[in-house]
Amino acid sequence: MAEVQEPVFDTLLVVGPGLIGSSVLRRARARGNIARRLIAADSSPAVCARVRELDLADEATTNLAAAAAQADCVMLCVPVGAMGEVAAQVVPAMKSGAVLTDVGSTKVSVIEAIAPILRADVPYVPTHPMAGTEFSGPDAGLEHLFEDRWCLLTPLESTTQAALEAIRTLWERCGARLREMTPPHHDRVCAIVSHLPHLLAFTICGTADDLAAETRSEVLDLAASGFRDFTRIAASDPIMWRDIFLFNREALLEMLGRFMEDAQAMARAIRWGDEAYIVDKIERGRAIRKSLIENRQA
């Protein structure tokens, strides 16, 4: 018989039950070992109503402060540009000793936005679960979204060991694999493995959309798998990605600059028929793909 695990928290509040937030709620609902009681909070009454219809939480409310006052853990799952504003509503209402965490895709900007609002008696554990789809909203969540995906933790000097261990356990019970790093290192890594690919996908789809009408029609009608993969990424939430691009601009622009240099080098190789250079780039790409498969990330 499987061992019954005590929940990590008595009451978990998820602020912003979109793709990530509602996936956490689904996992917690299904497993029962993350929190005894689940609360979802959102500024949209329609979102709260949908959470109730889907039975994702024991309570769904637009009153963030009242919800925060009940929680032993508050998880902020809102766009990174809204983290500071939302934290300002919930942190003053939180119980002493309750844990604050977030799932933002940029860490330096989120930490800087939340830092002025922090209380000494409310430990804060910044995280970033690297999982997702192109869909958004409460209906988009998946119980197994985080299975075998990385969740990056960027604890602060002020983060208590007890709070860090609790959040580590929460994500482990969501199925995630964990790694700790500093916030600046996180932002540089994510700029190349996540943010730049999304920027390129949005840009390539924009290029196709700008083509002459008859060519554009053929592009859309005859799209091969490579272009279809880009359009899947480009279907992602525009507000979320606008914020990520702007709030991680330095790291993203650095990686974009390096990519543009490599793209120019590839253009020269194609122009002058440098077969060795082209084959080397393709083989390196194949090796990266193989390593992703071996690491269960593809």
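These values consider heavy atoms only, across backbone and side chains, with no hydrogens, waters or symmetry-generated copies. None of these values were measured; they are calculated from a predicted model.
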Taking [Y] as the starting point, is it possible to reach [X] by hopping between hydrophobic residues whose side chains are less than 4.5 Å apart?
X	Y	value
V189	V103	no
W171	I34	yes
V47	L13	no
V14	V122	no
L100	I20	no

Reported [atom1]-to-[atom2] distance for the pair [X] and [Y], which is rounded to 0.5 angstrom:
X	Y	atom1	atom2	result
L200	F259	CG	CZ	4.5 Å
L56	S23	CG	OG	9.5 Å
R177	E172	CZ	CD	12.5 Å
M130	R179	CE	CZ	10.5 Å
L19	D139	CG	CG	11.5 Å

For residues 67-92, which side-chain donor-acceptor pairs fall under 3.5 Å, sequence neighbours excluded?
{"residue": "Q70", "atom": "OE1", "partner": "R37", "partner atom": "NH1", "Å": "2.8"}
{"residue": "Q70", "atom": "OE1", "partner": "R37", "partner atom": "NH2", "Å": "3.4"}
{"residue": "Q70", "atom": "NE2", "partner": "A66", "partner atom": "O", "Å": "3.3"}
{"residue": "D72", "atom": "OD1", "partner": "K95", "partner atom": "NZ", "Å": "2.9"}
{"residue": "D72", "atom": "OD2", "partner": "T11", "partner atom": "N", "Å": "3.0"}

On a heavy-atom basis, which atom in [X] and which in [Y] lie closest, and how many Å separate them?
X	Y	answer
W241	H195	CZ3-CD2, 3.8 Å
R188	E254	NH2-OE2, 2.5 Å
W150	L178	CZ3-O, 3.3 Å
A93	A65	CB-O, 3.4 Å
S109	T106	OG-OG1, 2.7 Å
F146	C174	CB-O, 3.6 Å

Check: [X] side chain, [Y] main-chain N or O, donor-acceptor pair, under 3.5 Å:
X	Y	answer
D187	V108	yes
R27	R173	yes
T101	V125	yes

| said: Any carboxylate oxygen within less than 4.0 angstrom of a Lys/Arg side-chain nitrogen, looking at R31 and E143? | reply: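 Judged by the 4.0 Å cut-off on N to carboxylate O distance, R31 and E143 do form a salt bridge.
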
| message | Check this for me, if you would: do D262 and R258 make a salt bridge, where the nitrogen-to-carboxylate-oxygen distance has to be below 4.0 angstrom? | response |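 Looking at D262 and R258, the cut-off is not met.
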
Does any non-hydrogen side-chain atom of [Y] lie less than 4.5 Å from one of [X]?
X	Y	result
L196	L252	yes
E180	P155	yes
F247	V110	no

| field | side-chain hydrogen bond (donor to acceptor under 3.5 Å, both in side chains) evaluation trace for S22 with R26 | value | CA-CA 6 Å; S22 70; R26 281 179 167 84; 3.2 Å; yes

Among residues at least two apart in sequence or on other chains, which ones pass side-chain contact (heavy atoms from CB on, under 4.5 Å) with [X]?
X	answer
E165	Q161, R168
P126	D102, K107, I111, Y124, T154, L156
E283	V279
S136	D237

| Side-chain donor-acceptor contact under 3.5 Å, S96 with D121 |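 Result is yes, a qualifying pair exists.
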
Under 3.5 Å, which donor-acceptor pairs link side chains of residues 264-274 to any protein atom two or more places apart or in another chain?
{"residue": "D274", "atom": "OD1", "partner": "Y277", "partner atom": "N", "Å": "3.1"}

| task | For E250, look at atom CD and say whether over 12 heavy atoms of other residues, nucleotides or ligands are found less than 6.0 Å away. | result | no

